[in-house]
Amino acid sequence: MKRLFLVSLRGGCGSTTITANLAQSLVKINKPVLAIDAAAENLLRLHFGLPYDESDGWAIRMIRGEQWNDAGFLSPHGVDFLPYGQLTKNLHQNFTQTHHQPINDLNQGLLEVCEPSQWQLFHGDFWQISSPVWQDFIASIDMIFVVIMADAMNYALLQSHSQHNHVLRELMDNGKIRFILNQYQPETEIGRDFSLVLMQELKTLLVPVLMHKDSALTECAANLTTIQHYSPISQAAKDYQALAFWCVSTFTSTEELS
Amino acid sequence: MKGPNLIFQRWIVERFEVQKKAYEQKWQCSTSWIGLLILSAWFLFSFLFLQPVVAGVPSWKLPLVYFPQVNFAAPRLFDSIRFVVQSIWLILFKQCITSDRLYAVLRLVSQAMIQSRHIFYLPFESVAKIVGWLEKTASQVNQPEFRRAVRSSKSTQVLNYLLLICVVLLALTCFTVPFGYQAQLVFVVLLWALAMMVRRLPGRFPTILLIIMSVTASCRYLWWRYSSTLNWDDPIALMLGSVLLIAESYSWIVLILGYFQNIWPLNRKPVEMPEDTSAWPTIDLMIPTYNEELDVVKATVYASLGVDWPKEKLNIYVLDDGKRDSFRDFAKSVGVNYIRRPTNEHAKAGNINYALKQTSGEFVAIFDCDHIPTRAFFQLTMGMFLKDPKLALVQTPHHFFSPDPFERNLANFRNVPNEGSLFYGLIQDGNDLWDATFFCGSCAILRREPLEEVGGIAVETVTEDAHTSLRMHRLGYRSAYLKQPVSAGLATETLSAHVGQRIRWARGMAQIFRVDNPLTGKGLKFSQRLCYANAMLHFLSGIPRIVFLMAPLAFLLLHSYVIYAPALTIILYVLPHMIHASMTNSRMQGDYRYSFWGEVYETVLAWYIARPTTVALFAPHKGSFNVTAKGGLVEKSHYDWVISRPYLILVAFNILGFAVGLYRLGWGPQDEVGTVLVNLVWTMYNLLILGAAVAVAVEAKQVRKDHRVDVSIPMAVRLNSGHLLQAVMKDFSLGGVRIEIEGIDEEAYRHLKGQVLQVILNRGGQEFVFPMTVAYAGKGIFGMQLNELSHQQQIQYVQCTFARADTWAKWQQSYQSDKPLSSMQAVLHVGFNGYKRLLRHCPKIIRICVDALLFCIKLIWSFRPRYVPTRTLSHAK
């Protein structure tokens, strides 16, 4: 079982898109995948064709005291996913106050239920990495992916986090974090320059596959599907295939080493 | 058919119509009135008097089957003669099937051939193991300690000398013992069988064995020629025979020297540079130019700006002998240095010498203005200089991304290795083993001190490059050759430019032979002298080649026996010599030159290098330096009559000889038939080789100025809507690229044409974007034209296209290995086609004559009787 946790450094970097499309790519190369949305925004479901009105999710089920695995869905293109659920503000406050370890319950449940060859892709928010409540969950994750963009804001934020955020620093030193450069625009000089700077500074922590900016990605979310079926001739589809292969080869080799 | 309607019933007439249609269908013509008459008569006859089916065929169809060459529906002029001939044939000769017997015999023969081939590979596995063990022991012996031990002990030296004397005595006996017919036949067959068994074994020892066998066959042949084939009675035959013998001795010397030189190609590997870049030396990169266009030089300059070397340690100089302001302005705008000297003496050598005085880098790299260096050029080559302080020269191959005249006019590009690949793939590598690599004028790096010690680039000869490296060798410096295609340039455009370039090299080499003879003079090792001598000898091949092309005519036209021996003996001696040489050369050179193409290249150049080399041998200071033209455009497809005049004369002579030979065969004395046949076969071979030479002079039309290079590299295209599509780059040139995108629908093509798109190319993990206009869109292929680019973008573009090292390396690997017989077939085929193409360009009157001749031949051939198999008549329904 491989467990990946994908977050964005800043809002809008694209971790939702990456989680959904990476899950689809892995399904395309015949890996069993489960995508779990652990972010309260509950946007992952849009890529998997879940109708906008459907508000079911594991968090809602847990609040109501029902079985959380009843909230599992299967996308039209073969990806199993678990949305968070549309919570109102009150429900959300109640949830985080009463069930102060919801993620751990979910985690425990998932570990019991799932098959050994499955890929579990969790989508979350950046603050969850350093939150003390989430540390057990983080410890059970195989790899954390932080999605960044090649511009000044992201770079500055990354610098400040690596200096002040001890948890992040520790994870970087242990090699448990990787950074994915998303929305790369080689036409812009600033995109090229910052990508070179990030490659230089992050070295092996930066995933070697650069994900290009492509308006087809925004379009496919609007079409409630993933890029592989919306525009298979796009470079983005090729990027996600390369990312999936990179994940498979990286995790197979680390398994063989350990 | 109104007439017969009156006489016959309708159903009869309809039947006649059907039968007539069948006759018409066979010859695809409509019935003429004679045909109508004949056919009606026959139908009537067969309807009234013959059975409906005769011998399995409907009786009205009998003429079709028995007289297949006669057109009954519309009889032609000589059909009556054909009819008579065929009837006589049918009456006199039984048409039964012997194909069963024939089939059985054929099957037996093919089985026998397969079995014999098995025998040749019989001990393959065990022998290969023995060979492997031998090679391992040999490489152990190569250790320096062992060698020192051997050299010091006296007993091993004595043993070595004894072995040498034994071998020499044995060899001499073997070469000179005279054999009768049977003995020679047995000897030849055994040698051939051994060679066939050994030639597929991998490793160097089988190569050495093949060389030994070839040397045996060739030495025997030459000894036999010298001792028993000169006709001392007839002065003309003696003179002509001696000329032929000298030519054969020349090719024998070249063969043996070639074996010695290429027996163990060094295959040098690059040396790593030290980590600390402060230890890296400074390099002056010089690009001499004279009359080439700015576009050609721009690409080289951009590529040099992108080369991997610390910027402060690389100085780029454009040496402009054409004194053009456009070059100066371009150099200034890009940021490279520009040197213009006041005079123009000594052409390129003088240009570089002048620049040497103005510069001061530790190393000098010289690139012809169209040779584009790849990014890794210095990284791969400079390491060797740092490791060996006495190394004065590192030479790399001249790789071409455009086809040379042979490849273009014969459509061989990337199917058959080109003419230069033998030299740059094998010969320089062999030279490298003996430390005799010489400077080739471009794509090389020289160390400054040795270069200045010899006084700069030599100016006394026309090949100043080889002369310079000879001088440096004399002073004890070493040279190295790196067989990696780390740069690529333009090949010569037209056959006349190509021949002009070779004339210059030939003249220069002959001048060096006279002015600074490598065989005499101090400073060179014996092996170096031999290698330089071999390089020079190669260019003397003009006269011997012409002698070979004219040799059979001496007998056929002048009836003088230049080889005074019976035909059978000639075959028994010549064939093994040629077959072994061909087999051994195919094995040694198979990756770099296919068999028999060397004959074509030599033939094309023979006439032109004969005179300059002879002149230069006797008067080395005569003759001028003519620059090779590069980058011109062939406007219209035409035939270069000027260049091919000598070959056409030779062709005419050979055709005349062939005709006379045929006459001799039919009406000459009977005891000469064997000799005439041998000479006819030789003439036919010469004609086909000359045909290939003739074919090269048909200049194919060149459509566009920019040379395109075929590749298959993944890339991406950004549309104006923000979509990014995956694409494959199919070819690139200095003006743009051609890409293939799948999955685009029809109306999008119309919409995209004329748009400016962002093309994203990658190189080394980085991506670069270039704005390009869609010039052509259709069927998945888009032709993109580069828009205006800044200098930085130009540099990046050249880096993503021409200066990629992996493209050229892949080309080298894509050649298949040589297959001698199929290669010979290809060459002969090219020769035959050459005549057809020549005919197309000939003036009208010759075409008319040849067409008339062919027509007559076809006519006479059509009279021949046809064989009608009786057993298969049941299929004729």
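Below, read A as the first sequence line, B as the second, and so on, with proteins coming before strands; counting in each chain starts at 1.
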Leu725(B), part contacting chain A, at a heavy-atom distance under 4.5 Å
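Both backbone and side chain of Leu725(B) come within 4.5 Å of chain A.
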
Heavy atoms from other residues, nucleotides or ligands near [atom1] of [X] exceed 12 (cutoff 6.0 Å):
X         : atom1 : result
Glu272(B) : CD    : no
Glu312(B) : CD    : yes
Lys779(B) : NZ    : no
Gln755(B) : CD    : yes
Glu189(A) : CD    : no
Gln159(A) : CD    : yes

Could you name the residues of residues 21-49 of chain A that have a heavy atom within less than 4.5 Å of a heavy atom in chain B?
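Listed by number: none.
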
Those residues of residues 119-128 of chain A, ordered by number, that approach chain B below 4.5 Å (heavy atom to heavy atom)
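Those residues of residues 119-128 of chain A which would need a heavy atom under 4.5 Å from chain B do not exist here.
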
Considering non-hydrogen atoms only, spot the tightest contact between Ser215(A) and His723(B) and give its length.
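Reported closest heavy-atom pair: OG-N, 3.2 Å.
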
Closest heavy-atom contact between Asp214(A) and Gly722(B)?
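Where Asp214(A) meets Gly722(B) most closely, the heavy atoms are OD1-O, 3.4 Å.
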
Side chain, backbone, both or neither of Leu217(A) within contact of chain B (heavy atoms, under 4.5 Å):
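It is neither, since no heavy atom gets under 4.5 Å.
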
What part of Pro208(A) gets closer than 4.5 Å to chain B, counting heavy atoms only: side chain, backbone, both or neither?
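It is neither, since no heavy atom gets under 4.5 Å.
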
Please examine the side chains of Lys238(A) and Pro714(B), heavy atoms only from C-beta on, and report whether any two atoms are closer than 4.5 Å.
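They are in contact (side-chain heavy atoms under 4.5 Å apart), so the answer is yes.
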
Is there a side-chain contact between Leu724(B) and Ser234(A), using heavy atoms and a 4.5 Å cut-off?
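No - every pair of side-chain heavy atoms lies 4.5 Å or more apart.
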
Could you grab the distance from atom CD of Gln726(B) to atom NE2 of His212(A), nearest 0.5 Å is fine?
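Spacing of CD (Gln726(B)) from NE2 (His212(A)) equals 11.5 Å.
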
What's the separation between atom CG in Leu196(A) and atom CD in Gln766(B), rounded to the nearest 0.5 Å?
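Result: 4.5 Å between the selected atoms.
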
Arg718(B) and Glu187(A): side-chain contact (heavy atoms from CB on, under 4.5 Å), yes or no, with the steps?
CA-CA 9 Å; Arg718(B) 170 90 65 195; Glu187(A) 311 89 279; 2.8 Å; yes

Out of Ala236(A), Pro232(A), Ala216(A), Ala237(A), return the one with the most heavy atom pairs under 4.5 angstrom to chain B.
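The option with the most such pairs is Ala216(A).
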
